[in-house]
Visitor: 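Structure provided below as structure tokens; questions to follow.
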2 protein chains.
Amino acid sequence: MNEGVEWAMHSCVNLSWASGEAVTAKRLAAFYNLPTAYLNKQLQALTRAGILTSVSGPKGGFQLARDPRNISLLDIVVAIDGPDDAFRCMEILKEGPGADARADYTKVCVISQAMRGAELTYRRELASRSIADISDEVVRLTPAAPDNTRNRFANLKS
Amino acid sequence: MNEGVEWAMHSCVNLSWASGEAVTAKRLAAFYNLPTAYLNKQLQALTRAGILTSVSGPKGGFQLARDPRNISLLDIVVAIDGPDDAFRCMEILKEGPGADARADYTKVCVISQAMRGAELTYRRELASRSIADISDEVVRLTPAAPDNTRNRFANLKS
DNA sequence: GACATCGTACTCGGATACTAGATGTCCGAGTGCTCAGGG
DNA sequence: CCCTGAGCACTCGGACATCTAGTATCCGAGTACGATGTC
């Protein structure tokens, strides 16, 4: 899995604490000491997926496009890592004996079904957790986190 | 995910129908028109993982090392794709404000927890399905499959 | 005729190239602020 | 003093290198069969 997924999730949580202000890729990257240009690339992907909105120019930056409750972890994974399943059925059964060239072995093959089923539970789990859930849990553990984040962003403004 | 996982699973199911005879990588590859040497590499990985046993020389080949009921799909995924989770927590929080260098953010980070939880359900699902389960299901749908496979192997003996 | 030994053919095993995708970087496109100039 | 417009500084956006890991291949190690020669 793409490493940018982790960056994107943390950045989205931080953005949920930015109280509506646009935050630049530069500051988001400085927060965790990440390469700015590469993080920017991931943020672009989130923007294309409709998770973030972006504004160019001075006072520009990124912010969440919708309520954090409506942004699931799956949304982020799909945006960064693509919609394809990890297990790709290449339909090798079509080369085997008694194969039906018209059949869709992605659906018919029992192994493909089992793998798809497992990935489905995985995705359901990720779809059931939103950025807001993550934020709430973090706040429960360390209530000062949002303020710390805002202060950090303020200090990075120099 | 490594493409060899699919090959390995189909080959294990076929081996479960080989009635104890060793099958060469050459024949297993010819079955689905796969590159022999590369499939051999995957079979080696299965052997190292203790899923298959291998014998060199004439009348050599591969066979299942244990009862198909005790070979889960997860075993195969781990053998081919490695034991690492897809999501690797790089502990970027250690670069953030108020970080504790001694803490293990793989365990502490809420995002890491959520991702690990999702992958856990995924692995549980795969661990609950054995090669024997797959075989049974295939036989239920097409009872002639094992015989077809044995015949195919016999015809490939030339 | 029977046995032992050598040779041979066949298969697994790991070391070695090749290639695609992830990682990382750079420059152009777009936008709001600032400041100068004129009314 | 206020308004207008051009310049500028800053940021996003996508095109361009680099590098790891998956893909593919080849040759050596190991083993059983069979042929051959001898007793």
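Below, chains carry the letters A, B, ... as their sequence lines are ordered, and counting in each starts from 1.
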Visitor: To the nearest Å, how far apart are B:N40 CG and D:dT25 C1'?
Guide: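 Rounded to the whole Å, the gap is 11 Å.
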Visitor: Measuring from the side chain of B:K41 (C-beta onward, heavy atoms only), which nucleotide among D:dA9, D:dT23, C:dT11 has the closest atom?
Guide: D:dT23
Visitor: Does the D:dG14 base have a donor-acceptor partner in the side chain of A:Q44 within less than 3.5 Å?
Guide: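 Indeed, a donor on one side and an acceptor on the other fall under 3.5 Å apart.
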Visitor: Between C1' on C:dC12 and CG on B:L52, what's the gap in Å once rounded to a whole number?
Guide: 12 Å
Visitor: Over 60° means perpendicular and under 30° means parallel, so classify the ring planes of B:W7 and B:Y38, tilted if in between.
Guide: perpendicular
Visitor: Can you tell me how far P of C:dT11 sits from CG of B:L28, to the nearest Å?
Guide: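 Taking atom P of C:dT11 as the reference, CG of B:L28 is at 12 Å.
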Visitor: Relative to the 5' end of DNA chain C, which residue comes earlier, A:E3 or A:S56, by the nucleotide with the nearest heavy atom?
Guide: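 Of the two residues, A:E3 wins.
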Visitor: We want to know whether A:Y122 and A:D85 form a side-chain donor-acceptor pair, criterion being a heavy-atom distance below 3.5 angstrom.
Guide: no
Visitor: If you group Ile, Leu, Val, Met, Phe, Trp and Tyr by side-chain heavy-atom gaps below 4.5 Å, do A:V108 and A:M115 land in one group?
Guide: yes
Visitor: What is the distance, to the nearest angstrom, from the CZ atom on B:R88 to the C1' atom on D:dT20?
Guide: 11 Å
Visitor: Please confirm whether the shortest side-chain N or O distance from A:S54 to OP1 or OP2 of D:dG13 is below 4.0 Å.
Guide: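 So the side-chain polar atoms of A:S54 do come within 4.0 Å of the phosphate oxygens OP1 or OP2 of D:dG13, strictly under.
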Visitor: Hey, which of these two, B:A37 or B:V55, hits DNA chain D nearer its 5' end, going by closest nucleotide?
Guide: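 Here B:A37 is the residue nearer the 5' end.
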Visitor: Tell me: CG of A:N33 to P of C:dG24, nearest whole Å?
Guide: 13 Å
Visitor: Identify which nucleotide among D:dG22, D:dC12, D:dA9 has an atom closest to any side-chain atom of A:P58, counting heavy atoms from C-beta outward.
Guide: D:dA9
Visitor: I want to verify a distance call: between D:dG13, D:dG30, D:dG22, whose nearest atom is closest to the A:F62 side chain?
Guide: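 Per side-chain heavy atoms of A:F62, the pick is D:dG13.
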Visitor: What is the distance from OH of B:Y38 to C1' of C:dG13, rounded to the nearest Å?
Guide: 16 Å
Visitor: Taking only the side-chain heavy atoms of B:K59 (C-beta and beyond), determine which of C:dT25, D:dC10, D:dC33 contains the nearest atom.
Guide: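 Selected nucleotide: D:dC33.
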Visitor: Closer than 4.0 Å, any side-chain N/O of B:N2 to the OP1 or OP2 of D:dT23?
Guide: yes
Visitor: Round to the nearest Å and state the distance from A:M1 atom CE to D:dA21 atom P.
Guide: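 Computing the A:M1:CE to D:dA21:P distance gives 17 Å.
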Visitor: OP1 or OP2 of C:dG14 less than 4.0 angstrom from a side-chain nitrogen or oxygen of B:R48, does that happen here?
Guide: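 For C:dG14, OP1 or OP2 has a side-chain N or O of B:R48 closer than 4.0 Å.
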Visitor: Picking from D:dT11, C:dT11, C:dT23, which would you name as closest to the side chain of B:T24?
Guide: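 Selected nucleotide (nearest to the side chain): C:dT11.
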Visitor: A:L64 and A:L52: side-chain contact (heavy atoms from CB on, under 4.5 Å), yes or no, with the steps?
Guide: CA-CA 4 Å; A:L64 297 183; A:L52 301 182; 3.5 Å; yes
Visitor: Does the Lys NZ or Arg CZ of A:R116 fall within the cation-pi geometry relative to A:F87 - under 6.0 Å from the ring centre and within 45° of the axis?
Guide: no
Visitor: Rounded to the nearest angstrom, tell me the gap between atom CG in B:D84 and atom C1' in D:dG22.
Guide: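 Rounding to the nearest Å, CG of B:D84 and C1' of D:dG22 are 15 Å apart.
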